[in-house]
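Working notes for the structure below.
Within every chain, numbering begins at 1; the chains are lettered A, B, ... in the order of the sequence lines, protein sequences first and strands thereafter.
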There are 2 protein chains.
Amino acid sequence: MTAELHDIANARLRTTGQRYTTRRRALVEVLDQADGPLTIPQILELDRSLAQSSAYRNLAVLEQADVVHRIVTNDDFARYELAEDLTEHHHHLICRTCGSVADFTLDPSVEGDLDRVLADVADAQSFRADHHRLDLVGTCADCR
Amino acid sequence: MTAELHDIANARLRTTGQRYTTRRRALVEVLDQADGPLTIPQILELDRSLAQSSAYRNLAVLEQADVVHRIVTNDDFARYELAEDLTEHHHHLICRTCGSVADFTLDPSVEGDLDRVLADVADAQSFRADHHRLDLVGTCADCR
DNA sequence: GTCCGAACCGAGAACTGTTCTCATTTACGT
DNA sequence: ACGTAAATGAGAACAGTTCTCGGTTCGGAC
């Protein structure tokens, strides 16, 4: 399961002429173990062997290879998570107080309905839709 | 209609002990005329009389008074739009190529369904939901 | 195995969107 | 009008992110 993840990451990097190095593997590992997107400070704390500048660079490389996905909230830091096709389609609970971001999923039938409606919207506006993004903004359990 | 908008903006600023000045009114005016959230450079270009530092400050003030809403995408600049209760509930088409953001609305019945499902999710996670945010990410008509 | 070139690495400098400072101006309340 | 508190704008400061560059590591060729 995790081995497969690394195989895919490796393959995707190779196609762009880049290597799946120890540092990059470490990043993927940290993100795989998290239950929500992480900021750079969080990542660096979870794996003290990572250098900040390299983490930024490698996450950019991994993003370009479609292994990780970068999201940006109103928080100070950007956040990184594994690409959706390496995990599963999900959405985010965003806490306005502490900035934390947690994952949640929706019933597949609801997702299906949503996709259909959004496809119509995109069509009507000559917009080529790639994916949708649904966030729930409020206050997390810890901050209530 | 627009007069009412200014009245509301005025009232909301007063309650926080602040004035609805010419500059702040100008910001609201620019945002009201736009058909999507605007970046600071866009705002400054639409009204050359505005100073950058004041625009940032005043938009922050207006945001605190719930007159404008700040959104942040993967683009370099944050974007500002009027608060939803001053316009209407809507979502965003985000172009990954040029970064532009346009508004779109969903059928009320779909919105209702969505709200209901999301309320359940929030409940299950002890999350106090404030509002939801739905973006469609892809390529706009101009960039296709 | 070892050589070579290309990719990678980390520390710190540089960059850039945003916020802060402060001297000046404006505007409200009396 | 007048005094005081808030607002303004130019530029400095700040902070997250990106870039630079000398040194290191990796992978293929022989």
Check your understanding: Any side-chain N or O of R19(B) less than 4.0 Å from the OP1 or OP2 oxygen of dT26(C)?
Key -> no
Check your understanding: Between the two ends of the helix from dG1(C)-dC30(D) to dT30(C)-dA1(D), what is the bend in degrees, rounded to 10 degrees, where each end axis spans five pairs?
Key -> 30°
Study note, to complete from the structure: Closest to the 5' end of DNA chain C, once Q52(B) and T21(B) are matched to their nearest nucleotides, is Q52(B)
Check your understanding: Roughly how many Å is it from CZ in F77(A) to C1' in dG17(C), rounded to a whole number?
Key -> 15 Å
Practice item. Report yes if a side-chain nitrogen or oxygen of N58(A) is closer than 4.0 Å to either non-bridging phosphate oxygen (OP1 or OP2) of dC9(C); otherwise report no. Key: yes
Check your understanding: So, is Y56(A) close to the dT18(D) phosphate, meaning a side-chain N or O under 4.0 Å from OP1 or OP2?
Key -> no
Review point. If only side-chain N and O atoms of R57(A) are considered, is one of them under 4.0 Å from the OP1 or OP2 phosphate oxygen of dC19(D)?
Key: no
**Study point:** Non-neighbouring partners of D130(B) that pass side chain to side chain donor-acceptor pair (under 3.5 Å), sequence neighbours left out
**Key:** R96(A)
Check your understanding: What does A60(B) touch in the nucleic acid at a heavy-atom separation under 4.0 angstrom: a base, only the sugar-phosphate, or nothing?
Key -> nothing
Point to revise | Any donor-acceptor pair under 3.5 Å from R24(B) side chain to L62(B) backbone | key: no
**Study point:** Main-chain N/O of D66(B) paired with R12(B) side-chain donor or acceptor, under 3.5 Å
**Key:** yes
Review point. Do the side-chain N or O atoms of S53(A) get closer than 4.0 angstrom to the phosphate oxygens (OP1, OP2) of dT17(D)?
Key: no
Review point. Quick one: L59(B) CG to dA7(D) P, roughly how many Å, whole number?
Key: 14 Å
Exercise for review: Take the protein atom CG of L13(A) and the nucleotide atom C1' of dA6(C), then report the distance between them rounded to whole Å.
Suggested key: 16 Å
Point to revise | Passing option when H89(A) is tested against H132(A), H131(A), H69(A) for ring pair (Phe, Tyr, Trp, His ring centres under 6.0 Å) | key: H132(A)
Point to revise | Any donor-acceptor pair under 3.5 Å from E84(A) side chain to H90(A) backbone | key: yes
Check your understanding: Base, sugar-phosphate, or nothing for S54(B), non-hydrogen atoms under 4.0 angstrom?
Key -> base
Exercise for review: Give the minimum heavy-atom separation between V68(B) and L59(B), together with the two atoms involved.
Suggested key: CG2-O, 3.6 Å
